[in-house]
Amino acid sequence: IGRRAGIPPTPVEQLDPFSRVFASPNSRVATLNASIRPYDGGVAQAKVQAARAESEAAGFAESQVRATLEAEVIARYADVQLQRRLRDVADSAIAQAERTLAVTRQAVAQGRTAEFEIWRVEADVQALRPSRLEADRQLQLAELALRQLLDLPADLPLRLVLSLIHIS
């Protein structure tokens, strides 16, 4: 229609019909590059499998470290409980020996026993004091070890809320 009206043809219209389609303003050029790896003898698959194995090994190592840490926490926690019970035993032994001393003093005052029995019982009470001091020292060491492992402050009291020993 434009040629009949005397309008000169555009540069696109001067091309042949096939070129006109591909030279139109709505056409785009896209390129695709692909590369195909030639047969590598299973090297790539072996590398992927090795990477998976390393990842699994790292997971196992992490779980092993966690289990070791949990076992150490449980052992130190149980040690604190044990040392507390041993200190309680030492306390009760001293309390019992002191009650025996009081009964012996009453018996001497009433004339039912000899006075040297007081010295014997006093010696028994004094013999128990080092075991009480040792129990205190062992308890402090066990609590310190647990505090260090759990990174707890030393100035706050250590309160154990779970018993690891279940008696049925």
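Just so it is clear, the structure is predicted and the values come from calculations on it, not from any experiment.
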Problem set entry | Intermediate values then yes/no, salt bridge (charged side-chain N to carboxylate O under 4.0 Å, His left out), Arg66 and Glu62 | CA-CA 6 Å; Arg66 285 183 185 273; Glu62 178 189 7; 3.2 Å; yes
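- The line from CZ of Phe116 to OG1 of Thr104 is 11.0 Å long, rounded to the nearest 0.5 Å.
- A donor and an acceptor atom, one from each side chain of Gln138 and Glu134, are located under 3.5 Å apart.
- A chain of hydrophobic side-chain contacts below 4.5 Å, direct or via other Ile, Leu, Val, Met, Phe, Trp or Tyr residues, connects Leu152 to Leu69.
- When side chains are defined from C-beta on, Val125 does not count as touching Thr100, because their heavy atoms never get closer than 4.5 Å.
- Salt-bridge annotation for Glu98 and Arg129: present, with a side-chain N of the basic residue lying under 4.0 Å from a carboxylate O of the acidic one.
- A distance of 11.5 Å separates CD of Gln96 from CD1 of Ile94, quoted to the nearest 0.5 Å.
- Shortest non-hydrogen contact noted between Ala97 and Val121 is O-CG1, 3.9 Å.
- Val80 is not listed as a side-chain neighbour of Arg76, based on a closest heavy-atom distance of 4.5 Å or more.
- Connection of Tyr77 to Leu149 is established within a shared hydrophobic cluster, with ILVMFWY side chains joined at heavy-atom distances below 4.5 Å, either directly or through further cluster members.
- Both Val108 and Leu101 sit in one connected hydrophobic cluster of ILVMFWY residues. Membership requires side-chain heavy atoms under 4.5 Å apart, directly or through other members.
- Scanning all heavy atoms of the two residues, the minimum distance from Pro130 to Ala127 falls at CD-O, 3.4 Å.
- With a 4.5 Å cut-off on side-chain heavy atoms, Leu133 and Arg137 do not count as touching.
- Taking 4.5 Å as the limit, some side-chain heavy atom of Glu143 sits within range of a side-chain heavy atom of Arg84.
- A pairwise comparison of heavy atoms in Leu150 and Val73 identifies CD2-CG2, 3.9 Å as the closest pair.
- Across all non-hydrogen atoms, the minimal contact from Ala93 to Leu128 is O-CD1, 3.5 Å.
- Smallest separation of non-hydrogen atoms from Pro153 and Leu156: CG-CD1, 3.6 Å.
- Rounding to the nearest 0.5 Å places CD of Gln106 at 12.5 Å from OG1 of Thr113.
- At most 12 non-hydrogen atoms from other residues, nucleotides or ligands lie less than 6.0 angstrom from CD of Glu115.
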For this session: Could you walk me through whether Glu122 and Arg105 pass salt bridge (charged side-chain N to carboxylate O under 4.0 Å, His left out), step by step?
Result: CA-CA 10 Å; Glu122 283 177 346; Arg105 285 185 177 147; 2.7 Å; yes
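- Here Leu144 contributes atom CG and Leu139 contributes atom CG; the two are 11.0 Å apart, rounded to the nearest 0.5 Å.
- Asp136 places a side-chain heavy atom less than 4.5 Å from the side chain of Arg87.
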